[in-house]
Novice: 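First, the structure itself, so that you have it in front of you.
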Protein chains: 2
Amino acid sequence: MDLQNRQLLLLGLLRIQTMHGYQLNQFLEEHLDFMTSLKPSTAYYTLERMAAEGLVEAHAEQAGNRPTRQIYAITPAGEIRYRELLRRNLASYDPCESADDIGIAFLADLPPEEARQLLAEKRALIQDRLDKILAAEDRVDAASATHLSLERVKRQHQLDLEWLSEVEAWLERALAQEAEPGSAPEP
Amino acid sequence: MDLQNRQLLLLGLLRIQTMHGYQLNQFLEEHLDFMTSLKPSTAYYTLERMAAEGLVEAHAEQAGNRPTRQIYAITPAGEIRYRELLRRNLASYDPCESADDIGIAFLADLPPEEARQLLAEKRALIQDRLDKILAAEDRVDAASATHLSLERVKRQHQLDLEWLSEVEAWLERALAQEAEPGSAPEP
DNA sequence: AATCGAATAGTCAAGTTTGACTAATCAGGG
DNA sequence: CCCTGATTAGTCAAACTTGACTATTCGATT
């Protein structure tokens, strides 16, 4: 996630309600866990930075005897920026090219049997996450925008399960070819 | 893309052939463009770091009168690390939760007509990229591992196009509901 | 033969990100 | 009433990332 989307997300939340950093982070963890991996430290940094830019205003609050905390509220400049970022986000498309499947390119460097086992572990991980997403889907209003986002993540996981099957098939073929053509097995 | 996958990628390439940084970056841009967004500076940094860790060895080379360049070769320690990283990569799954669709959550904050236009721009972008991927797919050996990776990216784009249709339908419904229930239109 | 632009091969400062750490408060058990 | 572990609310140094920049060489053009 890049800076712009992070700002968009935080501004969007502050627009709904003024909050302090910890509260924001709690909200992110509770409700947006499956969508973003915005770390607490990063959120604090982003808030400070936005405060310096005048997009949000912080005012210190003393609750009981706790360390004073900064309550952030969106400013008019922040509102304008919010709209800009929202427009940019809706009109753009860059699905982080994470190359998290780079290992596939080097699949042939491992003994096929081991590769098969490792891929089975990967499959289990995907399935696990998918189950969690399905459970979460039951809990959100089917007409909400959140549901749309969940739907996307769900399908991505389903797609990756299917794709993994093809990788496994590919591995099987490679294995068969290796055994087949009368070549002496190496010692 | 995180550090580990970056190291895996660079080690994997250096295993095939010793190279200098610029050469690596060229290769990445030419052949792995659609898979990774590893920036040149980042590659240089990662190489230095791996050299410091003893995973690769650099030796300076003077070609003609050009500035001396560092030729990197993988070391035995690098080979071991390569296998570790490959195993970890194959067995893991964390599709960067980029929240690049975060804007959808705030879709209702824009006039529906404008939202529709912005989403149309997004659709055009996806289609564009998909076309490039399809073209690239024709050029790679259908039996290669690269083809598998391309296939995955392709389907992701197709999925996002389908998903976008649903977002548009959702927007349409929201728009209809707004018009419908005898509510006085606000001035 | 001087020049202009592209390619080669990086370097670096400025900005970003995060894991580890701090420090106070509260809730509950012994 | 004191201790312990969880929760609250961050801070910070160290590591990572990248856009902007440098400096040389080569090829082609005028």
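Chain letters run A, B, ... following the sequence lines, proteins first, then strands; residues in each count from 1.
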Novice: Do you see a donor-acceptor pair shorter than 3.5 Å between the side chains of Asp128(A) and Tyr93(B)?
Specialist: no
Novice: If you check the Arg69(B) side chain, which of dC16(D), dG10(D), dG10(C) turns out closest?
Specialist: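 Minimum distance to the Arg69(B) side chain belongs to dG10(C).
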Novice: Between atom CG in Leu38(B) and atom P in dG19(D), what is the gap in whole Å?
Specialist: 12 Å
Novice: Using side chain to side chain contact (heavy atoms under 4.5 Å, CB included) as the criterion, point out the one residue from Ile71(B), Asn25(B), Leu14(B) that pairs with Met19(B).
Specialist: Leu14(B)
Novice: Does dT16(C) have OP1 or OP2 under 4.0 Å away from a side-chain N or O of Arg49(A)?
Specialist: yes
Novice: Quick one: Glu48(A) CD to dT18(C) P, roughly how many Å, whole number?
Specialist: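 Computing the Glu48(A):CD to dT18(C):P distance gives 15 Å.
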Novice: Is it true that the side chains of Arg6(B) and Thr36(B) contain a donor and an acceptor less than 3.5 Å apart?
Specialist: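 Thr36(B) and Arg6(B) do not have a side-chain donor-acceptor pair below 3.5 Å.
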Novice: Report the distance from atom CG of Leu47(A) to atom C1' of dA9(D), rounded to the nearest whole Å.
Specialist: 13 Å
Novice: Base, sugar-phosphate, or nothing: which does Gln26(B) touch, judged by heavy atoms less than 4.0 Å apart?
Specialist: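 Since only primed, P, OP1 and OP2 atoms lie under 4.0 Å of Gln26(B), the category is sugar-phosphate.
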Novice: Inspect the surroundings of CD in Glu57(A) and state if more than 12 heavy atoms from other residues, nucleotides or ligands are less than 6.0 Å away.
Specialist: no
Novice: If you compare every side-chain N and O of Tyr45(A) against the phosphate oxygens of dT16(C) (OP1, OP2), does one of them come in below 4.0 Å?
Specialist: yes
Novice: Between Asp100(A) and Asn5(B), is any side-chain donor less than 3.5 angstrom from a side-chain acceptor?
Specialist: no
Novice: In whole Å, I'd like the distance from the CD1 atom of Ile71(A) to the P atom of dA9(D).
Specialist: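 About 9 Å, once rounded to whole Å.
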Novice: What is the distance, rounded to the nearest whole Å, between atom CD of Glu61(B) and atom C1' of dT8(C)?
Specialist: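 One finds 13 Å between C1' of dT8(C) and CD of Glu61(B), rounded.
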Novice: Would you indicate what Gln70(B) reaches in the nucleic acid, counting non-hydrogen atoms under 4.0 angstrom: base, sugar-phosphate, or nothing?
Specialist: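 Answer is sugar-phosphate: Gln70(B) comes under 4.0 Å of backbone atoms only.
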Novice: dG19(D) base to Ser41(B) side chain: any donor-acceptor pair below 3.5 Å?
Specialist: yes
Novice: Would one find a side-chain N or O of Tyr22(A) under 4.0 angstrom from OP1 or OP2 of dT8(D)?
Specialist: yes
Novice: Rounding to a whole Å, what distance do you find between Glu29(B):CD and dA6(C):C1'?
Specialist: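 Rounded to whole Å, this separation is 14 Å.
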Novice: Starting at atom NE2 of His20(A), determine the distance to atom P of dT11(D), rounded to an integer number of angstrom.
Specialist: 13 Å
Novice: Rounding to an integer number of Å, can you tell me how far Leu3(A) CG sits from dG19(D) P?
Specialist: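 The distance from CG of Leu3(A) to P of dG19(D) comes to 13 Å, rounded to the nearest Å.
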